[in-house]
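All residue numbers in this chain count up from 1 along the given sequence. Because only heavy atoms are used, hydrogens play no part in the values below, and waters and symmetry mates are left out as well, while side chains stay in. Both ligands and their constituent atoms are indexed starting at 1 by order of listing.
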Amino acid sequence: MSERYARQELFYGIGRQGQKLLQEKTAVLVGCGALGCTSANLLVRAGLKRLRIVDRDYIEESNLQRQSLFDEEDIHKNLPKAIAAQRKLQKVNSHIQIESVIADLNPSNIETLLINAHIVVDGTDNFETRFLINDYCVKNGIPWIYGACIGSTGLTMNIIPSKTPCLRCMLEEIPPFGTTGTCDTEGIIAPIASMIASVQAAEALKILTDNFDTLSKGLLKVDLWRNEIKKLQVDDIKEKANCMTCKQHQYEFLSNDAYSMTTSLCGRNAVQILHPNGSKLDLATLASRLKKAGDVSFNSFLLRAKIDKYELTVFPDGRSIISGTNDASVAKGLYSKYIGM
Ligand SMILES: [Zn+2]
């Protein structure tokens, strides 16, 4: 093992002691898209004790341009992102524990999925999940690293509970649907995701080796096309904001009532539907039932059914992603017709 981390141990900021600390730590990555693939790769190579990868999605052809852990074979095999990432990364480093969870992070599973986390790395693509992570991490004193990318622009910031402002201090409410673009509507170039994720991974290494003094302060904004790198100071925001999360200690995103069972995946022309109580679906039985309606294929992770102009992807916990519509009521109708509530 001594050779594996030799160059990292030589580095003055980490050393033997830092490496030892690192190997006792658990990181949780929420969202394994463009950002997540890169940060997971860097953290697994750096050598933690455990990386848990939580992702709700499967791999599509348009992901390959920037999601560096996936390949064409993963698509042919219909693999969820969490599974494909775990398989790749475990080959890179067989000495650490890599866990994959195919799930939508929500108030009812967040306690289980973020258990033992020393850090949470943001690889999500939406504010609903980020505010959920923010509430949980501030409440439990866990550092987390915000990251977001679109076009050629990326943002990242460390959120260290009780020390820095939190995401809620920065953005009082969730930006309304449609006012912030997504990679699916505005496009993205891969280098910006790679850069922001690299910053996130470096900051994670500092946090996990107790190098808090060297952490990047404020909100970093980079535009690789316009050649701009800006650091926005956020020191006084915490004092100014009467933040629901870190001042009033009201963690409303952790309440189940706040969470929508139906989420339009913006720009994707798809809707995610959660099963109210989580169910144990037998995909083989469902497949034989749906064969009469359309083209069906399945593996142990998911079932895919093409029915008319829609594509239904169903997971064993009853969660479904229905593509071909942005209309929640159409998606719900298809769900109850073919899968059942
Ligand atoms: Zn706050």
Side-chain angles (χ1 to χ4, degrees), residues 26-31 35-36 39 54 104-111 113-150 153-177 179-180 182 196-197 199-204 206-208 210-222 230-260 263:
T26 294
V28 180
L29 170 69
V30 183
L35 288 172
S39 57
V54 181
D104 179 59
L105 190 77
N106 61 53
S108 54
N109 62 19
I110 192 165
E111 293 266 355
L113 298 186
L114 299 193
I115 197 164
N116 297 331
H118 295 101
I119 194 168
V120 177
V121 180
D122 176 17
T124 68
D125 58 359
N126 67 88
F127 275 100
E128 192 170 20
T129 313
R130 288 189 186 110
F131 279 114
L132 180 68
I133 294 171
N134 188 64
D135 268 9
Y136 183 86
C137 286
V138 171
K139 187 181 176 193
N140 295 285
I142 302 166
W144 75 279
I145 308 178
Y146 162 68
C149 286
I150 187 163
T153 306
L155 294 167
T156 180
M157 188 174 114
N158 295 319
I159 291 160
I160 315 292
S162 80
K163 293 206 172 72
T164 68
C166 79
L167 189 68
R168 198 84 193 269
C169 296
M170 311 277 294
L171 300 157
E172 290 262 299
E173 302 292 333
I174 296 183
F177 175 73
T179 57
T180 51
T182 74
I196 293 297
V199 174
Q200 287 181 292
E203 295 303 305
K206 294 177 193 173
I207 291 169
L208 296 174
D210 292 345
N211 281 292
F212 286 91
D213 295 346
T214 58
L215 283 176
S216 165
K217 292 179 182 64
L219 179 73
L220 177 70
K221 184 178 183 201
V222 180
K230 284 184 196 155
K231 189 58 115 14
L232 307 167
Q233 290 310 321
V234 297
D235 294 344
D236 52 344
I237 287 178
K238 193 169 175 163
E239 278 75 61
K240 275 191 208 151
N242 186 23
C243 178
M244 283 276 278
T245 304
C246 56
K247 283 253 179 78
Q248 302 179 43
H249 307 289
Q250 289 184 35
Y251 307 107
E252 59 176 0
F253 290 93
L254 293 178
S255 142
N256 263 317
D257 309 340
Y259 202 80
S260 39
T263 315

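- Between the side chain of D235 and the main chain of Q233, no donor-acceptor pair closer than 3.5 Å is present.
- By the 4.0 Å N-to-carboxylate-O rule, R168 lies close enough to E252 to be salt-bridged with it.
- With sequence neighbours excluded, no residue forms a side chain to side chain donor-acceptor pair (under 3.5 Å) with N242.
- The shortest non-hydrogen separation linking C137 to W144 is CB-CD1, 3.6 Å.
- Residues passing the salt bridge (charged side-chain N to carboxylate O under 4.0 Å, His left out) test with D213, sequence neighbours excluded: none.
- Under the salt bridge (charged side-chain N to carboxylate O under 4.0 Å, His left out) criterion, D122 pairs with R130, sequence neighbours left out.
- Sorted by chain and number, the protein atoms of type N, O or S within less than 2.8 Å of the Zn ion (ligand 1) are C166 SG, C169 SG, C243 SG, C246 SG.
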